[in-house]
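Comments concern the structure below.
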Amino acid sequence: MDTNGATTSSTAGGGSTSKSSSKKHSRKPVYSRFTQQELPACKPILTPGLVIATFTIIGIIFIPLGLVSLSASEKVVEIVDRYDESCVPSNYSNDKLKFIQNPSINKSCVRTLTVPKLMKSPVFIYYQLDNYYQNHRRYVKSRSDKQLRSVSDEKSTTDCSPEDKTVDGPIVPCGLVAWSLFNDTYWFSVNSKTIEVNKHDIAWKSDKEHKFGSNVYPKNFQSGGLIGGAKLNSSVPLSKQEDLMVWMRTAALPTFRKLYGKIEQDLQANEKIQVVIQNNYNTYSFSGKKKLVLSTTSWIGGKNDFLGIAYIIVGGLCLFLAVCFILLYVIKPRPLGDPSYLSWNRSPAGHPN
């Protein structure tokens, strides 16, 4: 009797343990209104009236926005001059690469630009590069943000190869991005009077205050055997070298513009601007293009018709759909939620009801 009792007790205990273990390892989620998707939710019924009203409101809002954006874009005055081919002497027209790589040849070039309409100050000066892939993976990674920020990280050049160091020590700033710094220069004049170009505050404030250190100075930069682009003043900290900051903010597309400076005086209509260009930057080896751009701005920025056109197209399409739905609702109306349109309520083909 005692043995049976012990056996029974042991079995009962084992069953209790099994149930506890099963409950402990259960994957059933703890009940809550969130896990069971019982929270209050907006479940609008798309009635014909609601759909038509939505499309109409979108069209009424978008079309005026598009017209205003287009009007603002049209007020922007822009001069675009491609000079990479015109600034090559005729005797080098078939070998542009030889021209740009020969340091003994004078690279200066004079261009004349005509102001089409009054350009109110400030007039922004950009250089535009085409077919230039700053978004190439190896190119983008070839830099050291730590080195740019702090003098204590001067030797952080792991990602900068092959422009990481020279026999004299690490290169500051290192990497292909800094090494390929744009080095064409422009001088402007009107009626033999020089136009001053303001190159201050052309970089982002965050770059000047946080990304480029005030105690970091260029070191061993462009001192190797192969010079990539512009040189930097070794006595000026990187936080003051705004041309470098603008260039180091790499572009996402192969055609891009970067700010060169600002002209802080009005340019009158039909004025002739003499531009002396020092054509130094090599874009000929990869069939690139170089353009000089003078542009004013509006409340939406520079000249950009795409935004206005996109608003007008979307708004017009919405109004067109609203009209189509109205006609469909008037010509061929049907009750909301009519069960006769369900597939299982329709008669098979060839069989009358």
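Computed from a prediction, not measured in an experiment: that's the story for all the values here.
Using cut-offs of 30° and 60° on the angle between ring planes, the pair F182 and Y281 is tilted. Ring geometry, F99 versus Y92: the interplanar angle falls from 30° to 60°, so the pair is classed tilted.
Follow the hydrophobic side-chain contacts under 4.5 Å out from Y329 and you never reach V323; the two are in separate clusters.
Of all heavy-atom pairs spanning A178 and P173, the tightest one is CB-CG, 3.7 Å. What you find for K258 and A251 is that their closest heavy atoms are NZ-N, 4.2 Å. For the pair Y284 and N282, the tightest heavy-atom approach, listed with the atom from each and the gap, is N-OD1, 3.1 Å.
Within 6.0 Å of the NZ atom in K208, the count of heavy atoms belonging to other residues, nucleotides or ligands exceeds 12. Atom CZ of F286 sits in a crowded spot, with more than 12 heavy atoms from other residues, nucleotides or ligands closer than 6.0 Å. Shown here is W187, whose CH2 atom has more than 12 heavy atoms of other residues, nucleotides or ligands within 6.0 Å.
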Steps toward side-chain contact (heavy atoms from CB on, under 4.5 Å) verdict (R143, L148): CA-CA 9 Å; R143 61 188 291 164; L148 297 174; 4.0 Å; yes
Working for side-chain contact (heavy atoms from CB on, under 4.5 Å), residues V177 and V140: CA-CA 7 Å; V177 183; V140 171; 5.9 Å; no
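Side-chain atoms of D266 come within 3.5 Å of backbone N or O of S121 as a donor-acceptor pair. Looking at T47, its side chain does come within 3.5 Å of a backbone N or O of L50 through a donor-acceptor pair. Within the 3.5 Å criterion, the main-chain N or O of N233 finds a donor-acceptor partner in the side chain of Q241. Judged by distance alone, the side chain of Q222 and the main-chain N or O of G228 form a donor-acceptor pair under 3.5 Å. Looking only at distances, no side-chain donor or acceptor of S71 sits under 3.5 Å from a matching main-chain atom of V68. The backbone N or O of A203 lies less than 3.5 Å from a partner atom in the side chain of E242, making a donor-acceptor pair. Without hydrogens or angle criteria, K141 side chain to R138 main chain gives no donor-acceptor distance under 3.5 Å. Of the possible donor and acceptor atoms, none in the side chain of T296 sits under 3.5 Å from a partner among the backbone N and O of K120. Not a single donor-acceptor pair under 3.5 Å links the side chain of K231 to the backbone N or O of F221. With R111 contributing its side chain and V275 its backbone, the two residues share no donor-acceptor pair below 3.5 Å.
Among F212, W179, Y132, the one residue that satisfies the ring pair (Phe, Tyr, Trp, His ring centres under 6.0 Å) test with W247 is Y132.
Here S108 pairs with N106, Q278 under the side chain to side chain contact (heavy atoms under 4.5 Å, CB included) rule; sequence neighbours left out.
As a member of the Ile/Leu/Val/Met/Phe/Trp/Tyr network built from side-chain separations under 4.5 Å, Y31 groups with nothing else and remains a singleton.
Atom CD of residue Q147 and atom CG of residue D145 lie 10.0 Å apart, to the nearest 0.5 angstrom. Between atom NZ of residue K146 and atom NZ of residue K155 there is a gap of 15.5 Å, rounded to the nearest 0.5 Å. Here NZ of K107 is found 7.0 Å from CG of N280. Values are rounded to the nearest 0.5 Å.
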